[in-house]
Amino acid sequence: MIQYGGLRSKLAKVRVCRRFGANKLGIESTEIHQGMWNWKNSVFSQHNRGFHSFNQLKIRNAHSNSNSRELVCLQRRYKITEQVGELDTNISQSSFNNTEDDKPNSPPQKNSPNGQINITNYSKLSEPDHSNIVLDSNNKVKEYNPVKKHFIFSTKEMQENFAYYFLPNGYPHSVNKGYAKFAIYSSLSATAITILNFISTQALFVALGSTTTQASLYSAAYIWVLKDGIGQLGGILFAGKYGKSFDEDVKKWRFMCMILFNISIIVEMITLRFPGAFIYLASLANMGKNVTFLCAAATRASINLRFAKKSNIGDIAGKGVTQFTTSSLVGMGVGLVISKACNISSIYTIAPLFASLTLLNIVCSYKATRVLDESNFNKQRFYILFEEYMKSGKILDVKEVNKREAFWIPSLFNPQNEFVTNFGVFSLAKQINFLKKNNRHSTADSLIDQAKNNERKFLYYVHWPRYRKTILPRRWSHKREYKINFNLHKDASNKQILKAYFFGLKLDEILDKKLEERLPKNARKPYHSLTDEELEIRSSCLRNAIFEAEEYFELFDFEDFFNKMQNFSDPDKENWDLNSLYIDKGTNRYTIE
């Protein structure tokens with residue numbers, strides 16, 4: 001028998017008998033004393049599991065209308081120590097009913113059916129663990145269902161531990177859709193990256209050692225530090241030039257940086273073949289790696305923001321670092337095994353291994369990036385939505401547009417990119433001065449007249465360059481020999497920017513169709529190559545196209561267009577976010593006073 005101290009004479013004593021069986025425990029009964037008291041730190045064990053004492057059991061007296069005393073258990077906590085650690089458990093208990101003379105074994109009151117007391121354990125605050133004790137009317141144990149013993153290698157325990165260390169708190173309800181796929185593919189890609197980096201670093205050491213003697217160790221260390229410094233400098237220059245574009249197209253930058261990483265690995269392995277050019281090749285490769293890590297870190301911040309659902313960006317970022325670190329450790333272990341099994345000094349030996357790991361990295365990077373659905377507009381995404389709307393009158397949702405987006409193709413060669421419209425390339429004053437110097441007074445006057453219309457918040461003009469200055473083939477530049485230049489008002493809103501871009505795409509569609517009808521394809525050439533007749537036809541097409549585009553713009557219901565983009569009737573379709581746009585860079589805007 002185990003006795004628990006702290007008995008108060010004025011309170012009733014309830015004796016609860018419990019038979020565990022001689023083979024299981026040597027304990028015959030346990031005494032529970034009702035009142036304000038502390039249970040001492042006593043322990044009784046069942047095999048390898050021990051039950052620690054209750055810390056503090058607080059009981060108060062509540063008086064009902066029948067003047068009966070009801071002892072209510074407010075909060076009870078105890079600890080169960082298992083092989084896997086300590087498990088905090090909450091106990092919720094129904095009220096204890098006593099008679100007015102406080103006798104312990106008095107008959108039950110009417111408000112306690114059958115006189116039973118149920119004590120239920122809660123292993124978590126949200127759900128019970130189905131372990132309970134049932135006391136009869138004489139306060140004796142009628143039924144006892146113990147907590148099932150958990151083993152350290154049980155499936156449930158392993159899942160809980162994995163979620164605790166690698167997934168955000170509250171997963172999957174605390175993150176948006178697609179987080180699991182992104183995390184899995186990113187971890188596989190990180191593992192392949194670590195293996196490749198491990199092997200390529202060993203290749204650099206081999207290449208550097210083949211040209212280094214004992215007398216030139218200082219020179220080798222200098223070359224290695226110089227290589228790292230040049231690579232970091234390249235990363236700084238790249239961030240300064242393209243840092244503003246990371247948010248514009250997260251998927252493109254993330255995937256392209258992985259392609260750049262694999263190219264850098266190739267360059268590092270080439271040092272085995274050309275050790276004399278070590279400093280040049282290694283510096284170039286290290287520059288590519290620094291740009292890769294910079295892009296990956298910058299885009300991961302935007303990705304964490306997209307997955308965050310309950311203001312838990314820090315938790316998602318922390319678990320992302322945990323996932324990457326674990327993948328890196330696995331990759332280092334695999335790389336160590338490979339380096340022991342293969343001859344790293346031979347480029348022909350590691351070439352097949354490199355090819356397979358590169359393929360794994362690219363495929364996993366593509367799969368991870370494909371999961372992301374960006375709900376804001378850049379020029380490519382709005383161009384895809386505009387084309388479908390002009391063809392069928394259907395407004396595509398976020399998921400459909402992201403499926404059609406070709407983020408794996410560089411922007412310069414991407415046929416889905418639109419190269420016709422430009423925003424804020426030149427200031428308004430510079431453009432008017434340029435037009436007047438080239439005897440295009442009507443176009444300059446048109447810009448001035450447009451500036452007086454404060455409602456539109458944008459200006460435009462069509463520019464035909466005298467010489468074709470692009471290296472792109474005609475099929476990649478949409479077969480256009482002209483540019484539609486825009487200048488936005490300083491106070492232009494996001495919807496007004498979309499209106500301007502919508503107008504530019506519509507003008508381009510009408511003008512290109514008219515030029516196809518009036519001019520043969522071989523006559524669509526730069527300005528300096530056109531005859532007087534071809535110049536007149538082109539000017540006529542431009543005037544008619546501007547007139548039709550202006551008329552269409554005035555009659556189009558933009559409010560209904562924007563409302564449909566932001567409020568789809570189907571709940572499974574994600575609405576577009578117009579609060580952030582990546583169409584205009586915010587340069588060379590104008591004001592009218």
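No hydrogens, no waters, no symmetry mates; every other heavy atom, side chains included, goes into these values. Quantities reported herein were computed from a predicted structural model and do not represent experimental measurements.
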Q: Let me see the working for F419 and Y383 under ring-ring contact (aromatic ring centres under 6.0 Å, His included), right down to the final yes or no.
A: CA-CA 11 Å; F419 300 98; Y383 181 67; 9.8 Å; no

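- Scanning both residues, L581 and L578, for their nearest heavy atoms gives CG-O, 4.4 Å.
- Annotation: the span from M256 atom CE to T299 atom OG1 amounts to 13.0 Å, rounded to 0.5 Å.
- Separation of the Y590 and F458 ring centroids does not fall under the 6.0 Å cut-off.
- For F558 and F556, the ring centers are positioned less than 6.0 Å apart.
- Note: F307 and F182 meet the aromatic proximity criterion, with ring centroids under 6.0 Å apart.
- Between the side chains of S245 and D249, no donor-acceptor pair is found at a separation under 3.5 Å.
- Pairing each heavy atom of Y389 with each of I395, the nearest pair is CD1-CG1, 3.7 Å.
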(Q) Applying ring-ring contact (aromatic ring centres under 6.0 Å, His included) to Y582 and W253, what does each step give before you reach the verdict? (A) CA-CA 14 Å; Y582 301 104; W253 284 110; over 10 Å; no

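- Between S187 and Q323, the closest side-chain pair of non-hydrogen atoms falls below 4.5 Å.
- Of the possible polar contacts, one joining the N176 side chain to the R306 backbone as a donor-acceptor pair under 3.5 Å is found.
- Looking at M287 and I230, their side chains come closer than 4.5 Å, going by heavy atoms from C-beta outward.
- Defined by atom type and a distance below 3.5 Å, a donor-acceptor pair is present between the side-chain atoms of D247 and S302.
- For Y185, the OH atom is loosely surrounded, since the number of other residues' heavy atoms within 6.0 Å does not exceed 12.
- Put simply, the side chain of K506 reaches to within 4.5 Å of the side chain of M390, judged on heavy atoms.
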**Q.** Worked check of side-chain hydrogen bond (donor to acceptor under 3.5 Å, both in side chains) between K289 and N197
**A.** CA-CA 10 Å; K289 281 187 176 183; N197 196 36; 2.3 Å; yes

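- For the residue pair S264 and E268, no side-chain donor N or O sits within less than 3.5 Å of a side-chain acceptor on the partner.
- For the pair I344 and F205, the minimum side-chain heavy-atom distance is 4.5 Å or more.
- Applying the ring-ring contact (aromatic ring centres under 6.0 Å, His included) test to pairs two or more places apart or on separate chains, none has a residue in residues 315-338.
- No donor-acceptor pair under 3.5 Å is formed between the side chain of E554 and the backbone N or O of E551.
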Q: Any chance you could lay out the side chain to side chain contact (heavy atoms under 4.5 Å, CB included) test for Y482 and D508, step after step, and finish with the verdict?
A: CA-CA 9 Å; Y482 55 85; D508 171 60; 2.6 Å; yes

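- Ion pairing between E400 and K394 holds under the 4.0 Å rule for side-chain N and carboxylate O.
- Between R370 and E405 there is no salt bridge, since no side-chain N of the basic residue sits under 4.0 Å from a carboxylate O of the acidic one.
- A donor-acceptor contact shorter than 3.5 Å links the side chain of N567 to the backbone of N563.
- Listed for the T322 side chain is a donor-acceptor partner under 3.5 Å among the backbone atoms of G318.
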Q: Let me see the working for F553 and F502 under ring-ring contact (aromatic ring centres under 6.0 Å, His included), right down to the final yes or no.
A: CA-CA 9 Å; F553 182 83; F502 186 95; 7.7 Å; no

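- A donor atom on one side chain and an acceptor atom on the other are not found under 3.5 Å apart for Y460 and Q450.
- Rounding to the nearest 0.5 angstrom, the gap separating the CD1 atom in I270 from the CD1 atom in I265 is 11.5 Å.
- How far CZ of F261 is from CD1 of I362: 11.5 Å, rounded to the nearest 0.5 Å.
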**Q.** Pair N485-F423, side chain to side chain contact (heavy atoms under 4.5 Å, CB included): steps then yes or no
**A.** CA-CA 6 Å; N485 294 329; F423 285 84; over 6 Å; no

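- Taking 4.5 Å as the limit, some side-chain heavy atom of K251 sits within range of a side-chain heavy atom of E374.
- Among all heavy-atom pairs drawn from E574 and S375, the shortest one is OE2-CB, 3.6 Å.
- At a cut-off of 3.5 Å, with distance as the only test, no side-chain donor of Y552 or E548 sits close to an acceptor on the other residue.
- Aromatic ring centroids of F486 and Y501 lie 6.0 Å or more apart.
- The environment of N169 atom CG is sparse: at most 12 non-hydrogen atoms of other residues, nucleotides or ligands sit within 6.0 angstrom.
- Annotation: side chain of K499 is not in contact with side chain of K457 (no heavy-atom distance under 4.5 Å).
- One distance of note links CG of L329 with OG1 of T191; it measures 10.0 Å at 0.5 Å rounding.
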Q: Decide yes or no on side chain to side chain contact (heavy atoms under 4.5 Å, CB included) for C295 and Y242, but give the supporting numbers first.
A: CA-CA 10 Å; C295 290; Y242 296 102; over 6 Å; no

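- A side-chain donor-acceptor contact under 3.5 Å links N304 to the backbone of R300.
- Pairing each heavy atom of V334 with each of I195, the nearest pair is CG1-CD1, 3.6 Å.
- Remark: the backbone N or O of K573 is not paired with any side-chain donor or acceptor of D397 at under 3.5 angstrom.
- Between T194 and the choices S327, S328, S189, the side chain to side chain contact (heavy atoms under 4.5 Å, CB included) rule is met once, by S328.
- There is a side-chain donor-acceptor pair under 3.5 Å between T421 and K379.
- Within the 4.5 Å cutoff, side-chain heavy atoms of Q431 are placed close to those of N487.
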Q: Show your reasoning for whether side chain to side chain contact (heavy atoms under 4.5 Å, CB included) applies to E509 and F386.
A: CA-CA 11 Å; E509 180 187 14; F386 173 83; 4.0 Å; yes

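- Separating the CG atom in N402 from the OG1 atom in T369 is a distance of 11.5 Å, to the nearest 0.5 Å.
- Of the inter-residue distances, the one linking I313 atom CD1 with I303 atom CD1 reads 13.0 Å to the nearest 0.5 angstrom.
- In plain terms, the two heavy atoms of R381 and N376 that are nearest each other are NE-O, 2.8 Å.
- N378 is not listed as a side-chain neighbour of I583, based on a closest heavy-atom distance of 4.5 Å or more.
- The backbone N or O of N286 lies less than 3.5 Å from a partner atom in the side chain of N290, making a donor-acceptor pair.
- Residues D491 and R589 are not paired through a salt bridge, judged by the lack of any N-O separation under 4.0 Å between the basic side chain and the carboxylate.
- Nearest heavy atoms, L204 versus A282: CD2-CB, 4.2 Å.
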